[in-house]
Engineer: 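I have a structure I would like to understand better, so I am pasting it below and will then ask my questions one at a time.
Owing to the predicted nature of the structure, the values given are computational and were not obtained by experimental measurement. No hydrogens, no waters, no symmetry mates; every other heavy atom, side chains included, goes into these values.
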2 protein chains.
Amino acid sequence: MNKKKASLKDIAQKAGVSTALVSYVLNGKEKESRVGEEIAARVRQIAIDLNYQPNYLAKSLRSGRTRTLGLIIADISNPFFANIARIVEDEAKKNDYTVIIGSSDEDADKSWDLINVLINRQVDGFIIVSSEHTEEQIQYLKNRNIAFVLLDRYFPDIDTDYVALDNYQAAYQAGMHLVEGGYQHVGFVAYRSQLFHMRERIRGYVDALGGSEAGYCAEWLTEVEFTNVDLEVRAGIDLMLAAEKPIDALIFATYRLAISGLKYINELGLNVPDDLAIVSFGQAEAFDLYYCPITYLQQPMEALGKTSVDVLINKLKDPQQERKQILMEANLIARNSSKIKVLVD
Amino acid sequence: MNKKKASLKDIAQKAGVSTALVSYVLNGKEKESRVGEEIAARVRQIAIDLNYQPNYLAKSLRSGRTRTLGLIIADISNPFFANIARIVEDEAKKNDYTVIIGSSDEDADKSWDLINVLINRQVDGFIIVSSEHTEEQIQYLKNRNIAFVLLDRYFPDIDTDYVALDNYQAAYQAGMHLVEGGYQHVGFVAYRSQLFHMRERIRGYVDALGGSEAGYCAEWLTEVEFTNVDLEVRAGIDLMLAAEKPIDALIFATYRLAISGLKYINELGLNVPDDLAIVSFGQAEAFDLYYCPITYLQQPMEALGKTSVDVLINKLKDPQQERKQILMEANLIARNSSKIKVLVD
DNA sequence: AACGATTGCTTAAACGATTAAGCAAGGGGC
DNA sequence: GCCCCTTGCTTAATCGTTTAAGCAATCGTT
């Protein structure tokens with residue numbers, strides 16, 4: 001009981017050979033290194049007997065590679081990120097990589113901390129869901145030649161690998177779906193953020209309404225702070241309902257916003273979709289459970305997660321890889337919350 | 001651009017001293033090691049200039065400690081575990097530890113794999129939410145003298161540290177709440193599992209109904225497989241509704257079961273709580289959003305997560321620590337889904 | 001003036017692996 | 001019999017740190 005871990009040295013001693021030979025055998029380099037068959041067999045057996053497990057620290061120190069990836073997300077307790085994390089974990093494991101996850105809380109400082117901690121832990125590369133104002137960090141990684149791929153969000157002005165959603169088309173699709181369903185006054189709740197994916201969602205929504213000249217009205221757009229979601233969502237919904245042309249439909253730009261908004265809509269006693277139709281980005285059990293199932297933009301989570309890992313690992317294998325900039329399409333799942341409007345004449 | 005990382009050696013060379021001295025200075029051991037003030041200042045400045053970041057691999061290899069904890073949970077994409085993971089991550093970071101999370105899918109083999117991978121990665125200790133049939137793994141960790149603490153679930157027959165819920169009292173409380181609310185035929189949906197926490201929940205429920213002699217009826221208990229939740233939950237609910245004494249209230253033993261069950265209850269067109277009152281373990285946004293807010297047993301997530309980290313870290317500091325076996329109480333949050341039954345005479 | 005104590009630094013081993021280079025013995029060809 | 005090639009192994013450096021031990025030089029005491 002309580003045996004210390006066996007090292008190469010222990011095996012070497014027991015077999016009466018050098019550690020080098022043991023290393024060759026256990027790494028399957030017996031052929032190249034001309035190790036005798038008998039001694040190789042003996043070494044292998046002793047390794048099994050001693051339950052030898054290589055020390056990754058030593059391996060990594062020597063090789064300069066840890067087979068570890070850093071995954072930086074906003075918050076692991078958010079279902080969207082938790083799902084992504086799970087997919088990334090699984091895909092990484094398939095390739096013999098381990099993942100270390102860090103939550104940035106959409107905070108640039110925390111994100112810096114995480115990046116530094118993970119660099120010190122010698123991760124081989126990063127998968128990053130960028131927060132606002134982290135352009136500098138991305139540039140730093142580029143300059144230091146550290147491998148990374150941006151996931152779900154990217155900066156159009158910085159040339160990087162990324163795997164993300166085509167947010168413009170997704171939002172456009174959501175808007176058109178409501179417009180075609182007969183809704184005239186479609187609101188949109190977004191985060192107040194300069195992040196490109198958020199701007200794209202807003203742009204897609206505005207374009208779907210035909211722009212300012214046609215159907216879009218500035219009062220219908222609410223932008224809320226990350227740090228004060230519940231209160232600002234309430235205020236925004238109040239405003240949009242009290243607008244000159246009150247909204248009859250509402251799109252939420254993220255899952256969190258939708259949860260917050262739907263709670264308030266329940267409180268107000270509004271009926272979905274008769275009083276207010278709803279479409280949301282993201283998917284979640286909560287949407288299925290709602291009395292009126294929520295129409296949502298299904299994101300290709302599996303593909304996003306897997307692809308980001310694959311892109312990163314390929315880059316680690318061959319740093320000269322050409323840039324991979326991948327956009328995926330969201331899939332609108334239409335349900336009762338946005339059913340075709342019955343016109344009351 | 002693309003500077004290689006600076007090592008102690010680089011600093012030493014630039015300062016014209018030995019690496020040992022640099023190490024002393026940067027670790028604040030100048031006093032004990034009698035390093036001159038001037039040279040210390042110079043070394044520190046050079047470290048800053050070169051943006052020196054210590055290599056954790058080397059540190060860890062030398063010290064035998066990685067300041068990394070392994071967290072094994074069933075599934076990071078399950079909100080309960082995602083929440084726990086976030087709390088553990090934060091508490092670990094406060095203590096300068098990094099966490100590596102692994103999902104076992106309630107599968108003993110995957111759990112073994114994770115434990116081995118993490119041991120090879122030299123984690124200092126484990127926080128484990130045990131799956132069924134993993135007693136052997138726990139015993140293995142004990143025998144190898146590897147630090148760990150069980151979280152949320154534990155084995156009464158194995159003497160270990162643990163931090164968990166008092167599941168008996170929680171389930172008893174849920175049962176009594178419904179009984180006192182006038183519900184006579186209370187059903188219970190649990191996992192078919194020998195895991196102690198699940199048996200305790202069932203025991204608490206049965207006792208609340210007064211046991212078999214009094215109010216409890218065996219037809220009201222449904223146990224479903226981890227691997228086939230949706231189908232078996234449906235079948236179970238069908239049976240409980242078709243029983244000789246059909247249920248008028250239902251307790252779900254976990255969040256996942258509740259989500260699955262509520263979907264079906266919606267499909268059946270049953271009204272909560274008039275046709276069927278509901279109480280569930282766990283908390284989730286979905287419960288708030290339901291047309292009739294769901295009564296739930298609020299688990300002290302924050303305390304569970306933090307305490308488990310603290311117990312583990314204390315054990316790492318002083319392996320002779322006495323056993324910590326901590327049970328916490330759940331808090332029943334009563335809402336409309338279990339409101340006092342209006343008797344129809 | 002001689003001795004021990006203190007100060008300020010260096011040397012070198014160690015953690016556990018990988019791997020280029022080297023060495024000795026045996027075999028084959030001429 | 002000599003040379004070279006192959007076979008089968010070892011030696012030793014290396015990755016970046018920590019830390020016990022050692023070594024000069026200076027200081028204070030008597």
Engineer: When you check the side-chain N and O atoms of S104(A) and S131(A), is any donor under 3.5 Å from an acceptor?
Structural biologist: yes
Engineer: Whole-Å distance between dA17(C) C1' and L50(A) CG?
Structural biologist: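 Value for this atom pair: 16 Å.
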Engineer: In the strands shown, is dT30(D) matched to any nucleotide by a Watson-Crick or G-U wobble pair with both distances under 3.5 Å, and which?
Structural biologist: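 Result: dA1(C).
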Engineer: Between G16(B) and L61(B), just flag the one whose closest nucleotide in DNA chain C comes earlier from the 5' side.
Structural biologist: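 Per heavy-atom nearest nucleotide, the more 5' residue is G16(B).
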Engineer: Rounded to whole angstrom units, what separation is found between the CD atom of E30(A) and the C1' atom of dT7(D)?
Structural biologist: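 Taking CD of E30(A) and C1' of dT7(D), I get 15 Å after rounding.
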Engineer: Using the ring-ring contact (aromatic ring centres under 6.0 Å, His included) rule, collect all pairs that involve residues 77-115 of chain A, keeping only residues at least two apart or in two chains.
Structural biologist: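 Residue pairs with at least one partner in residues 77-115 of chain A: W112(A)-Y140(A).
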Engineer: Contact class for Y52(A) (heavy atom, under 4.0 Å): base, sugar-phosphate, or nothing?
Structural biologist: sugar-phosphate
Engineer: State which of dA17(C), dT10(C), dT10(D) makes the closest approach to the side chain of A58(A).
Structural biologist: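 Within the option list, the nearest is dA17(C).
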Engineer: Let me know the distance between NZ of K9(B) and C1' of dC15(D), rounded to the nearest Å.
Structural biologist: 9 Å
Engineer: For the pair made of NZ in K31(A) and C1' in dT19(C), what is the distance, rounded to whole Å?
Structural biologist: 19 Å
Engineer: At 4.0 Å (heavy atoms only), tell me whether S7(B) reaches a base, stays on the sugar-phosphate, or touches nothing.
Structural biologist: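 Contact class for S7(B): sugar-phosphate only.
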Engineer: Can you measure from NZ (K94(B)) to CG (D310(B)) and round to the nearest 0.5 angstrom?
Structural biologist: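 Here the interatomic distance stands at 8.5 Å.
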Engineer: Considering every strand and a 4.0 Å limit on heavy-atom distances, what is the contact class for I39(B): base, sugar-phosphate, or nothing?
Structural biologist: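 Result for I39(B) = sugar-phosphate.
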Engineer: Let's see if you get this right: which residues in residues 19-29 of chain A place a heavy atom under 4.0 Å from DNA chain C?
Structural biologist: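 When residues 19-29 of chain A is checked for heavy atoms under 4.0 Å from DNA chain C, the hits, listed by number, are A20(A), S23(A), Y24(A), N27(A), K29(A).
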Engineer: Do Y52(B) and L8(B) have side-chain heavy atoms sitting under 4.5 Å apart?
Structural biologist: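 Yes. Closest side-chain heavy atoms under 4.5 Å.
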Engineer: Assess the side chains of R121(A) and T98(B): does a donor N or O sit below 3.5 Å from an acceptor N or O?
Structural biologist: yes
Engineer: If I take atom CG in residue N55(B) and atom C1' in nucleotide dT14(D), what distance separates them, rounded to the nearest angstrom?
Structural biologist: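 Distance, rounded to whole Å: 13 Å.
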Engineer: Can you check the R34(B) CZ to dT26(D) P distance for me, whole Å?
Structural biologist: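 Result: 16 Å.
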Engineer: Does a donor on one side chain and an acceptor on the other come within less than 3.5 Å for S111(A) and Q137(A)?
Structural biologist: yes
Engineer: Rounded to the nearest angstrom, tell me the gap between atom CD in E32(A) and atom P in dT19(C).
Structural biologist: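 After rounding, the gap between these two atoms is 11 Å.
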Engineer: Starting at atom OH of Y56(B), determine the distance to atom P of dT17(D), rounded to an integer number of angstrom.
Structural biologist: 12 Å
Engineer: Reading DNA chain D from 5' onward, which residue's closest nucleotide shows up sooner: G36(A) or L8(B)?
Structural biologist: G36(A)
Engineer: For F148(A), is the NZ or CZ atom of K315(A) found under 6.0 angstrom from the centre of its six-membered ring and inside 45 degrees of the ring axis?
Structural biologist: yes
